[in-house]
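A, B, ... follow the sequence lines: proteins, then strands. Residue 1 opens every chain. Values reported hereafter were calculated over all heavy atoms of this structure, with side chains retained and with hydrogens, waters and symmetry mates removed.
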Amino acid sequence: MLKDTDAGSLRKSHVGTEVTLAGWVHRRRDHGSLIFIDLRDRSGIAQVVANPEVSPDAHSVVGNLRNEWVLQVKGEVRLRPPGTENQNLPTGEVEVLAKEATILNPAKTPPFYINDEAEVDEALRLRYRPLYLRRERMQRNLVLRHRVVKFIRDFLDKRGFIEVETPILIKSTPEGARDYLVPSRIYPGSFYALPQSPQQLKQLLMVAGLERYYQIARCFRDEDLRADRQPEFTQLDLEMSFVEEKDILDLMEELFTSLVETVTPEKRVIKPFPRLTYQEAIAKYGTDKPDLRFGLELADVTDLAGQSEFQAFRKVAGSGGLVKGFAAPGCSIYSRKQLEELAELVRAKGAPGLVTMSLMGDGSLDDLAESDVRSAVARYFSTDLIKAMASRMKAQRGDLLLMVAGEEEKIREPLGALREEMGHRLGLADPNTLALAFVTQFPLFEWNREEKKWGSAHHPFTAPRDEHVSLLDTDPGRCLSKAYDIVCNEYELASGSIRIHNRELQGNIFRILGYTPEQIQDRFGHLLDAFEYGAPPHGGIAPGIDRIVMILAGERSLREVIAFPKTQSAQDLLFGAPSTASPQQLAELHLQVVPEP
RNA sequence: GGCCCGGUGGUGUAGCGGCCAAACAUACCUCCCUGUCACGGAGGAGAUCGGGGGUUCGAAUCCCCCCCGGGUCGCCA
């Protein structure tokens with residue numbers, strides 16, 4: 001080894017010993033004769049001092065160093081002179097007096113700061129990925145990711161789970177996301193697909209009698225990207241036999257609670273995890289992945305709004321629509337400009353508009369007078385009606401009422417987004433709180449308007465709730481499932497379900513989804529056949545590792561917790577992927593590139 | 001595919017019709033400095049303002065097209 005000690009490990013106890021360090025020049029402070037080097041390796045930073053009176057050779061080597069040069073230093077660990085200790089550094093009590101210094105490799109001036117967290121253009125971060133990963137924050141994130149995965153493996157191992165690898169070259173699935181395809185050399189015109197998830201494979205492992213399976217599995221989906229979506233991502237894929245919904249949720253609650261307590265003890269988890277149904281989530285928060293770090297619950301004021309003289313509300317109330325809203329505490333002082341920003345947000349999410357009412361003053365709602373209400377539409381509402389609406393939203397004077405009217409499906413997203421926005425504006429979303437929660441009882445199907453058919457809300461292997469099986473043939477839209485999500489803050493962290501293990505029921509679901517018997521046999525025959533040989537009742541879940549790490553690291557983008565991520569347009573700027581293939585490669589694969597018209 | 005934001009010395013920003021042959025910080029180069037730790041001091045070099053076209057007496061600045069990065073809607077069983 002070219003080093004015998006980690007720079008970041010140096011403590012008082014090393015004083016008097018001779019050490020050899022190797023790492024990068026983090027920073028250089030040249031005082032002419034005395035030169036200080038902050039030497040950085042993965043473990044941290046140690047101060048090296050070069051004194052010409054101690055070692056002229058080492059001093060002259062150190063004098064030529066620049067940031068990010070790779071350096072080996074041999075020297076004696078000693079206490080820093082009294083008064084020169086650095087409290088900000090774990091190694092700040094000691095320093096290494098250089099006796100020998102060797103330049104292992106010089107370095108060009110980096111394209112951005114390694115020793116500073118200053119923002120860097122995203123393209124530069126990706127193009128010079130190895131350099132960006134040298135930053136302390138990225139090292140911390142990668143270490144955190146390692147700890148998360150390690151913890152999960154240990155946790156599941158203790159509970160009898162077996163990690164099994166499943167193929168990356170597998171078969172295209174008809175539904176769901178767009179597949180990444182891999183052409184077959186041996187079978188002209190045929191393709192493998194990369195798995196969107198090992199869903200069917202893990203179910204087959206249950207049929208195989210594994211009982212408890214998991215995998216840290218790479219998944220691929222060829223869809224457009226977001227801050228929290230990469231084309232390839234990692235799931236903790238997990239499946240258990242002989243379980244019910246509660247068993248999976250309890251296991252996940254224990255896993256996540258102990259994970260956070262071990263890996264990021266500074267974060268606060270709310271225990272026990274709230275368990276709310278999909279219907280409750282939509283009604284109270286306007287979304288199936290609510291941020292539960294704050295309240296601001298939505299209230300239904302349709303009946304009251306219908307009694308007003310405000311036509312937009314009356315019309316909606318009279319035609320089966322809803323008027324819903326919530327109170328933003330202390331926001332009665334919002335300016336016209338601020339209100340317009342909120343209205344714009346709501347419109348961008350597809351709502352027709354936003355009705356605001358500022359309840360001025362303070363004290364009891366009972367004393368609220370007509371002149372205390374500031375609203376463009378106040379004249380259509382009696383003061384009593386406004387009091388009634390305010391009281392249903394649990395508003396106080398000084399608050400701002402925010403309301404949206406329309407069809408339930410059209411207003412929930414805008415309201416959910418508005419609630420989230422106000423939670424952030426009001427500083428209610430504590431970054432050190434992880435509001436983990438379960439959302440259950442998702443619908444089994446959702447109606448696809450374009451194709452005029454039913455699609456799976458989760459996936460086609462999800463079991464319907466026992467009491468709703470009879471609805472399958474009569475009213476599939478009302479049939480609820482045994483699917484569940486884990487949400488945290490404003491993110492969906494995991495999805496899972498109890499699966500169907502009965503061939504007949506599975507076949508029936510496929511038929512409702514519109515597959516012909518031939519398609520069912522071709523695409524799912526292997527699974528259906530397996531179900532006929534004694535498939536155990538089973539279920540599972542798949543938490544997203546990248547998102548977990550992102551939230552634990554306090555990052556807002558997946559790119560900060562993935563070593564080599566892709567751009568929003570799915571390019572790898574480091575390697576330059578995707579790239580063209582040679583004519584020989586194409587010929588071997590029986591492929592021809594057709595230029596875009 | 002739609003909408004929104006951004007692209008100015010190596011990096012991060014300012015400038016948003018003439019005061020800009022472009023400013024600030026930092027990095028870089030040279031010199032000085034024996035206790036610094038975002039060391040300090042003196043000096044220097046470095047940008048055809050993402051690309052192309054247009055408007056104008058005059059464009060980093062206004063308009064159009066394109067490219068790149070980001071956010072978002074659609075999409076993501």
Side-chain angles (χ1 to χ4, degrees), chain A residues 26-39 45-54 59 66-68 80-89 91-92 95 97 108-128 131-132 172-179 196-197 199-200 219-231 233 344-345 347-350 413-414 417 442 444-446 448-450 453-462 481 483 492 495 497 509-510 513-515 523-524 542 544 556-557 559 566-569 571 573:
Chain A
H26 190 65
R27 224 180 272 281
R28 183 178 67 116
R29 291 178 294 281
D30 186 343
H31 287 227
S33 47
L34 268 193
I35 304 172
F36 299 94
I37 296 290
D38 287 344
L39 184 75
I45 286 171
Q47 174 166 285
V48 173
V49 198
N51 186 331
E53 291 164 12
V54 172
H59 181 265
R66 295 294 182 270
N67 282 351
E68 299 308 314
R80 295 193 186 189
T84 65
E85 300 87 354
N86 186 345
Q87 311 279 351
N88 303 320
L89 231 47
T91 60
E95 64 190 7
L97 184 61
K108 295 209 285 186
T109 302
F112 47 78
Y113 301 105
I114 310 295
N115 56 19
D116 191 82
E117 290 298 331
E119 287 285 310
V120 188
D121 182 75
E122 192 69 43
L124 279 179
R125 297 185 203 203
L126 296 172
R127 189 161 298 124
Y128 297 94
L131 292 184
Y132 188 65
S172 180
T173 47
E175 269 193 274
R178 197 175 292 113
D179 286 314
Q196 297 176 24
S197 85
Q199 179 58 37
Q200 293 185 55
C219 306
F220 306 86
R221 293 178 189 176
D222 188 3
E223 295 292 348
D224 286 347
L225 310 184
R226 292 287 184 278
D228 63 349
R229 268 161 42 189
Q230 281 273 310
F233 57 99
E344 183 48 45
L345 170 83
R347 283 195 294 268
K349 295 281 178 182
E413 267 194 68
F442 281 79
L444 191 60
F445 301 106
E446 51 198 25
N448 184 325
R449 287 190 186 195
E450 278 94 71
K453 60 171 200 163
W454 291 108
S456 287
H458 183 50
H459 58 53
F461 317 109
T462 301
S481 72
E492 177 192 308
S495 271
S497 61
I509 297 287
F510 286 138
L513 293 171
Y515 294 111
R523 290 165 182 175
F524 305 107
R556 312 198 111 262
S557 164
R559 291 184 298 272
K566 293 183 177 57
T567 66
Q568 190 163 63
S569 45
Q571 282 197 60
L573 295 182

How far does the P atom of B/A21 sit from the matching atom of B/A47, given to the nearest Å? 16 Å
Closest listed nucleotide, where the reference is the side chain of A/Asn67 and the choices are B/G74, B/C28, B/G10: B/C28
Quick one: the side chain of A/Tyr128 and the base of B/G10, do they pair up donor-acceptor inside 3.5 Å? no
Specify the separation, in whole Å, of atom CZ of A/Arg127 and atom P of B/G50. 16 Å
To the nearest Å, how far apart are A/Glu85 CD and B/G35 P? 15 Å
Does the structure show a Watson-Crick or G-U wobble partner for B/U11, both distances under 3.5 Å? Name it, or say none. B/A25
So what does A/Glu119 hit on the nucleic acid, given a heavy-atom distance under 4.0 Å: a base, only sugar-phosphate, or nothing? sugar-phosphate
Length of the CG-P vector between A/Asn86 and B/G35, whole Å: 17 Å
Any side-chain heavy atom of A/Phe442 sitting closer than 4.5 Å to one from A/His458? no
Heavy atoms from C-beta onward define the side chain here; which of B/U26, B/A77, B/U36 lies closest to that of A/Ser197? B/A77
Does A/Gln199 reach a base, just sugar-phosphate, or nothing at all? Heavy atoms under 4.0 Å. base
Would you check if A/Leu513 and A/Phe445 make a side-chain contact, meaning some heavy-atom pair closer than 4.5 Å? yes
Please state how far atom CD1 in A/Ile114 lies from atom P in B/A38, giving the value in whole angstrom units. 18 Å
Across the strands shown, which category fits A/Arg178 at heavy-atom distances under 4.0 angstrom: base, sugar-phosphate, nothing? nothing
Please tell me which of the listed nucleotides, B/A77, B/G69, B/G71, lies nearest to the side chain of A/Arg221? B/A77
Using whole Å, report how far NE2 of A/His26 lies from P of B/C37. 15 Å
Roughly how far apart, to the nearest Å, are B/G58 and B/G70 at atom P? 38 Å
Could you check how far CZ of A/Arg226 sits from P of B/G74, rounded to whole Å? 8 Å
Return the nearest nucleotide to the side chain of A/Thr109; candidates are B/U36, B/C28, B/G70. B/C28
Nucleotide nearest A/Arg80 when distance is taken to its side chain, options B/G35, B/G74, B/C76: B/G35
Under 4.5 Å between any side-chain heavy atoms of A/Asn86 and A/Arg80, yes or no? yes
Please tabulate, one pair per line, each protein N/O and nucleotide N/O from nucleotides 39-44 of chain B that are separated by under 3.5 Å, including the distance.
from  : atom 1 : to      : atom 2 : distance (Å)
B/C39 : OP2    : A/Arg27 : NE     : 3.4
B/C39 : OP2    : A/Arg29 : NH1    : 3.1
B/C39 : N3     : A/His31 : NE2    : 3.4
B/C39 : N4     : A/Asp30 : O      : 2.4

Can you tell me the distance, in whole Å, between the CD atom of A/Gln568 and the P atom of B/C75? 17 Å
Do A/His459 and A/Ser495 have side chains that approach each other closer than 4.5 Å (heavy atoms only, starting at C-beta)? no
Among the candidates B/U72, B/A77, B/U36, find the nucleotide nearest to the side-chain atoms of A/Phe36. B/U36
Could you check which of B/U72, B/G70, B/U36 has an atom nearest any side-chain atom of A/Glu122? B/G70
Can you check side-chain hydrogen bond (donor to acceptor under 3.5 Å, both in side chains) on A/Arg29 and A/Gln47, steps first, answer last? CA-CA 10 Å; A/Arg29 291 178 294 281; A/Gln47 174 166 285; 3.0 Å; yes
Over how many whole Å does the gap from A/Ile35 atom CD1 to B/C32 atom P extend? 12 Å
Can you check the distance between B/C62 and B/C49, where both ends of the measurement are the C1' atom (answer in whole Å)? 15 Å
OP1 or OP2 of B/C29 under 4.0 Å from side-chain N/O of A/Arg66: yes
